[in-house]
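To find a chain, count down the sequence lines: A is the first, B the second, and so on, and within it residues start at 1.
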Amino acid sequence: MRKTTHFTPLPQAFFARDTLRVARELLGCFVVRRRGSEQLVARIVETEAYHGDEPACHAHANFQRVRRGEAPRGRSAVLFGAPGTAYVYFNYGMYWLFNVVTEPEGTPGAVLVRAVEPVFGIERMRELRPHAQRDRDLGNGPGKLALALDIGPAFNEHALYAPGELFLARGDRAVAAREIVAGPRIGISKARDLPWRFHVRGNEHVSGR
DNA sequence: ACGAGGATGCTCT
DNA sequence: GAGCATCCTCGTG
């Protein structure tokens, strides 16, 4: 367990790269959520990549439009914007899902944070997720971690590369390439064949089984 | 253990 | 009106 409580945000350039690469390299990084004087911190253990070229991405239809010379519109216009900004959207009428925009500005892409391992502020996370029986239930799913870290619609388009109420920071231990498992993304019906979900092998806080 | 089904509202066609 | 990048509860075995 890390002892320090000071965290430095990942630079914007980290996110302005290939979405698959960012999705892999975010494993082991910290989500830092500052609420007044307290800090909630969690290690990312599962991600999914979404790129505008591919139909499961929310920005797919918009990307076609942009290529015809029209402007992007609606919810997914955020994905064309500055890398390292948050894309927080409402799903199934009940849950907020937390993504980070990737690729250079103008190219749509994002990484969905699917599971985290709590590091600091576990007591508060339990209050924010009263249904959790065990620590591993606090963040082992995208809807759950948004609740545990108090990430809601106010953070849509928030800059995650600057210190503030929500940002991402380098982790305390590197995740080796051989520890990363790639597989199909969860809960989608299109482009199911792409192995664009990544998680830390054997980690107890990963979603699903 | 595992699977089915309900809750609930936004987005896009 | 259909389809969701989900979670929880309640059956059954």
Side-chain angles (χ1 to χ4, degrees), chain A residues 15 19-20 22-24 26-27 31 42 44-68 70-81 85-103 107-118 125-158 160 168 181-200 204-209:
Chain A
F15 305 101
T19 304
L20 293 173
V22 176
R24 287 175 164 275
L26 276 177
L27 294 177
V31 181
I44 297 172
V45 297
E46 179 180 347
T47 59
E48 279 177 1
Y50 288 87
H51 190 283
D53 271 331
E54 151 271 315
C57 183
H58 288 174
H60 185 64
N62 245 344
F63 202 20
Q64 316 278 67
R65 232 190 310 271
V66 167
R67 281 169 162 159
R68 277 183 263 127
E70 302 169 43
R73 23 189 247 177
R75 177 178 69 166
S76 65
V78 184
L79 299 179
F80 292 80
T85 64
Y87 171 50
V88 180
Y89 81 95
F90 195 50
N91 201 22
Y92 291 105
M94 235 176 296
Y95 300 103
W96 296 94
L97 273 58
F98 174 48
N99 300 249
V100 192
V101 173
T102 56
E103 306 282 341
T107 303
V111 172
L112 169 69
V113 180
R114 274 199 66 87
V116 298
E117 172 181 349
M125 293 185 203
R126 292 202 86 106
E127 291 179 17
L128 291 161
R129 278 206 30 80
H131 291 291
Q133 301 289 327
R134 309 155 299 179
D135 280 358
R136 71 166 77 96
D137 298 318
L138 291 171
N140 61 351
K144 298 178 192 177
L145 72 89
L147 287 168
L149 295 172
D150 192 23
I151 297 173
F155 286 107
N156 191 36
E157 302 193 71
H158 177 87
L160 297 166
L168 300 176
V181 183
R185 294 170 294 181
I186 292 179
I188 57 168
S189 60
K190 296 172 232 169
R192 282 180 150 151
D193 50 315
L194 299 176
W196 286 8
R197 169 176 177 253
F198 305 99
H199 67 91
V200 178
E204 297 288 306
H205 301 264
V206 166
S207 72
R209 46 114 110 278

Undergrad: What verdict does the side-chain contact (heavy atoms from CB on, under 4.5 Å) test give for A/Val206 and A/Arg197, after you've listed the backbone C-alpha separation in whole Å, the side-chain angles of each residue and the deciding distance to 0.1 Å?
TA: CA-CA 11 Å; A/Val206 166; A/Arg197 169 176 177 253; 3.5 Å; yes

Undergrad: Counting any heavy atom closer than 4.0 Å, what does A/Arg75 reach on the DNA or RNA strands: base, sugar-phosphate only, or nothing?
TA: sugar-phosphate

Undergrad: For the pair A/His158 and A/Phe155, name the ring-plane relationship: parallel under 30°, tilted 30 to 60°, perpendicular over 60°.
TA: perpendicular

Undergrad: Reading DNA chain C 5' to 3', how would its secondary structure be written in dot-bracket notation, given Watson-Crick and G-U pairs with both distances under 3.5 Å, brackets [ ] for crossing pairs and | for partners on other strands?
TA: ||||.|||||||.

Undergrad: Using atom CD of A/Glu54 as one end and atom C1' of C/dA5 as the other, report the distance to the nearest whole Å.
TA: 10 Å

Undergrad: Give the rounded distance in Å between these two atoms: OH of A/Tyr50 and P of C/dC4.
TA: 11 Å

Undergrad: Distance check needed: C/dA5 C1' versus A/Ile188 CD1, whole Å only.
TA: 7 Å

Undergrad: Roughly how many Å is it from CG in A/Leu147 to P in C/dT6, rounded to a whole number?
TA: 14 Å

Undergrad: Quick check on C/dC4: is either OP1 or OP2 less than 4.0 Å from any side-chain nitrogen or oxygen of A/Ser189?
TA: yes

Undergrad: Aromatic rings A/Trp96 and A/Phe90: how do their planes relate, parallel, tilted or perpendicular, breaks at 30° and 60°?
TA: tilted

Undergrad: Under 4.0 Å, counting only non-hydrogen atoms across every strand here, what does A/Gly143 touch: a base, just sugar-phosphate, or nothing?
TA: sugar-phosphate

Undergrad: Measure from the ring centre of A/Tyr92 to the centre of the six-membered ring in the base of C/dT6, then say whether that distance is under 5.5 Å and the planes meet at under 30°.
TA: yes

Undergrad: Quick one: A/Arg185 CZ to C/dT6 P, roughly how many Å, whole number?
TA: 12 Å

Undergrad: Ion pair present between A/Arg185 and A/Glu54, side-chain N to carboxylate O less than 4.0 angstrom?
TA: yes

Undergrad: So does A/His131 get a side-chain nitrogen or oxygen closer than 4.0 Å to the phosphate oxygens (OP1/OP2) of C/dT9?
TA: yes

Undergrad: Can you tell me if A/Arg114 touches the phosphate of C/dT6, counting only side-chain N or O atoms and a distance under 4.0 Å to OP1 or OP2?
TA: yes

Undergrad: Could you give the CH2-to-P distance, from A/Trp96 to B/dT11, as a whole number of Å?
TA: 9 Å

Undergrad: With side chains defined as the heavy atoms from C-beta onward, is the minimum distance between A/Val101 and A/Thr85 less than 4.5 Å?
TA: yes

Undergrad: Specify the separation, in whole Å, of atom CE of A/Met94 and atom P of C/dG3.
TA: 18 Å

Undergrad: On DNA chain C, compare the nucleotides closest to A/Ala132 and A/Tyr89; which residue's is nearer the 5' end?
TA: A/Tyr89

Undergrad: Given C/dA5, B/dT13, C/dT6, identify the nucleotide with an atom nearest to the side chain of A/Ala61.
TA: B/dT13

Undergrad: Does A/Phe98 form a side-chain contact (heavy atoms from CB on, under 4.5 Å) with A/Leu112? I'd like the steps, not just the answer.
TA: CA-CA 6 Å; A/Phe98 174 48; A/Leu112 169 69; 5.8 Å; no

Undergrad: Using OP1 and OP2 only, check whether a side-chain N or O of A/His58 sits under 4.0 Å from B/dT11.
TA: no

Undergrad: Is any side-chain heavy atom of A/Tyr50 closer than 4.5 Å to a side-chain heavy atom of A/Leu79?
TA: no

Undergrad: If you measure from the ring centre of A/Phe90 to the centre of the six-membered ring in the base of B/dG9, is it under 5.5 Å, with the planes under 30° apart?
TA: no

Undergrad: Could you state the CG-C1' distance from A/Asn156 to B/dC10, rounded to the nearest angstrom?
TA: 13 Å

Undergrad: Given C/dC8, is OP1 or OP2 found less than 4.0 Å from the side-chain N or O atoms of A/Arg129?
TA: yes

Undergrad: With the side chain counted from C-beta on, respond yes when A/His205 and A/Val116 share a heavy-atom pair under 4.5 Å apart, and no when they do not.
TA: no

